Number of protein chains: 2
Amino acid sequence: MARVVSERADVLPALGEVFREHGFEGASLALIGARTGLGKGSLYHFFPGGKEEMAEAVLAEIDAWFTHEIFAPLRESKDPRQAIAAMLQAIDAYFRSGRRICLIGAFALGATRDRFAARVDGYFAAWEEALGQALMRLGHRKKAAVALSEDAVAAIQGALVLARARNDPAIFRRALARLGDRLRTV
Amino acid sequence: MARVVSERADVLPALGEVFREHGFEGASLALIGARTGLGKGSLYHFFPGGKEEMAEAVLAEIDAWFTHEIFAPLRESKDPRQAIAAMLQAIDAYFRSGRRICLIGAFALGATRDRFAARVDGYFAAWEEALGQALMRLGHRKKAAVALSEDAVAAIQGALVLARARNDPAIFRRALARLGDRLRTV
DNA sequence: GTCTATAGAGTGATAGAC
DNA sequence: GTCTATCACTCTATAGAC
């Protein structure tokens with residue numbers, strides 16, 4: 001029996017893509033097996049909790065990525081203006097200029113939202129909080145910073161919906177450009 | 001056998017709610033049968049094409065509602081300022097202040113997007129076009145009107161995602177209020 | 001020998017189609 | 001209601017690393 005040693009973390013990217021493309025319900029184990037190249041044995045070895053644990057692991061990885069790459073810089077940077085510009089650039093890259101959807105946003109709209117409520121809520125709460133901090137250090141008052149960060153996160157999610165709905169990544173890029181203008185104005 | 005005469009159109013609201021709550025894949029025929037009160041026989045009598053035809057009929061009904069209640073007034077009203085205000089009010093009512101998601105937006109994010117591509121694309125295209133017309137009559141130049149309407153539709157979709165993600169309808173109402181301000185400024 | 005990664009036949013339940 | 005396909009999942013077996 002071939003033994004291609006792998007570990008849990010190795011299959012998370014493929015797992016994420018399957019969930020992105022088919023949703024939680026639509027991602028069958030057959031599909032997951034095909035895309036990860038793993039049999040059910042391996043899958044259940046890595047994720048004894050089945051599909052739910054697989055999705056949870058994917059969400060946790062996304063959360064960790066955003067925390068490290070986006071939220072922490074927003075919170076800690078000495079230069080909030082630069083941190084916000086970096087956020088927009090990282091977001092453009094992460095979502096492949098609108099060709100890739102936000103798995104957490106997609107989960108939020110489905111019946112999956114309640115199953116992963118903590119992760120879904122926590123992700124957006126952290127994003128808004130981190131961006132709000134940067135905006136305050138940029139000179140906004142607390143109320144304005146909260147409103148603006150809520151608006152920004154919503155604008156990104158909405159642009160992802162629209163870009164995919166209309167199958168036009170340019171929609172996402174235009175939205176990011178407008179958002180950049182709005183976030184630069186104090 | 002009781003014969004409660006009903007027709008296709010009667011079951012569309014219930015059908016819409018099931019798809020909203022469970023998504024296309026998650027809405028099983030058992031669930032649909034329970035919520036509509038119809039057996040599989042009746043369902044296949046009304047919708048010979050099965051689930052796909054059911055979803056298509058729901059999308060068509062939503063499209064018709066928006067065309068009549070939102071898009072047409074935006075295009076035809078003599079008073080674009082009032083038409084835009086009416087749009088925001090109708091949207092708030094339709095989405096129950098953020099407690100109800102946009103089925104078309106949800107479909108756009110899933111694998112269902114390709115299946116119903118024409119409806120999904122057409123819905124958002126019509127919305128943007130209608131709002132853009134109202135904005136031009138309000139005094140915006142074409143480019144600004146197009147950008148602003150794209151921004152507005154995205155803001156609404158994003159607010160729906162966020163409101164549901166964070167389980168807080170107030171997010172949606174705040175977003176609509178900010179959007180109202182932005183659309184009033186020429 | 002033990003342990004971990006693997007494969008996949010087999011389980012009952014439930015899916016959508018008709 | 002009946003059909004067949006497919007679902008998530010279980011379980012046994014096995015290979016190789018120690």
Side-chain angles (χ1 to χ4, degrees), chain A residues 1-61 103 106-107 110-117 119, chain B residues 1-4 6-8 11-12 14-60 103 106-107 110-116 119:
Chain A
M1 193 165 295
R3 192 183 145 88
V4 183
V5 186
S6 58
E7 44 179 318
R8 230 176 96 118
D10 294 339
V11 304
L12 289 182
L15 225 34
E17 292 309 314
V18 180
F19 284 126
R20 254 179 246 278
E21 285 169 27
H22 298 89
F24 183 76
E25 326 262 4
S28 71
L29 278 193
L31 215 48
I32 291 171
R35 287 286 282 270
T36 58
L38 257 40
K40 293 178 205 166
S42 303
L43 252 13
Y44 274 86
H45 171 71
F46 290 133
F47 308 97
K51 250 172 79 168
E52 182 151 348
E53 190 174 338
M54 297 177 207
E56 171 62 33
V58 169
L59 294 183
E61 200 207 20
L103 183 61
F107 272 19
T112 28
R113 128 87 235 210
D114 296 329
R115 215 182 205 130
F116 305 105
R119 285 242 107 93
Chain B
M1 185 64 83
R3 190 183 143 86
V4 182
S6 57
E7 42 178 321
R8 230 177 96 117
V11 304
L12 290 182
L15 224 33
E17 291 309 314
V18 179
F19 283 126
R20 254 179 245 279
E21 285 169 27
H22 301 274
F24 183 76
E25 326 262 4
S28 70
L29 280 193
L31 215 49
I32 291 171
R35 288 287 281 271
T36 58
L38 256 41
K40 296 180 195 173
S42 304
L43 286 172
Y44 272 86
H45 171 69
F46 290 133
F47 307 97
K51 249 173 81 166
E52 182 151 348
E53 190 174 340
M54 297 179 206
E56 171 62 34
V58 168
L59 294 183
L103 184 60
F107 272 20
T112 30
R113 129 85 238 213
D114 297 328
R115 215 182 204 129
F116 305 106
R119 285 242 105 94

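The chains referred to below are lettered A, B, ... by the order of the sequence lines, with proteins before strands, and numbering in each begins at 1. Any value given below was found using the heavy atoms of this structure, including those in side chains, with hydrogens, waters and symmetry copies removed. Because the structure is a prediction, the values reported are computed rather than measured.
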What residues, two or more places apart in sequence or in another chain, satisfy ring pair (Phe, Tyr, Trp, His ring centres under 6.0 Å) together with B:Phe107?
B:Phe116
Grab the CE-C1' distance between A:Met54 and D:dA8 for me, whole Å please.
9 Å
Between B:Arg115 and B:Glu52 (salt bridge meaning N to carboxylate O under 4.0 Å), is one present in this structure?
yes
Euclidean distance, atom CD of residue A:Glu53 to atom P of D:dC9 [Å, nearest integer]:
11 Å
Would you kindly give the CD1-to-P distance between A:Ile32 and D:dT6, to the nearest whole Å?
17 Å
Gap between atoms NE2 and P, on B:His22 and C:dA15 respectively (whole Å)
12 Å
Is there a residue in residues 35-47 of chain A whose heavy atoms reach under 4.0 Å of DNA chain D, and which residues are they?
A:Lys40, A:Tyr44
Separation of D:dC9 atom C1' from A:Glu52 atom CD, nearest Å, is 14 Å
Between the side chains of A:Glu53 and A:Arg8, is the shortest nitrogen-to-carboxylate-oxygen separation below 4.0 Å, so that they form an ion pair?
yes
Do A:Glu56 and A:Phe47 come within less than 4.5 Å of each other through their side chains, counting heavy atoms only?
no
Spacing between B:Leu29 atom CG and D:dC7 atom C1', to the nearest angstrom
15 Å
Partners passing ring pair (Phe, Tyr, Trp, His ring centres under 6.0 Å) against A:Phe46 (at least two apart in sequence or in another chain):
none
Could you tell me the separation between the NZ atom of B:Lys51 and the P atom of C:dA17, rounded to a whole number of Å?
8 Å
Beyond-backbone contact of B:His22 with B:Ile32, side-chain heavy atoms, under 4.5 angstrom:
no
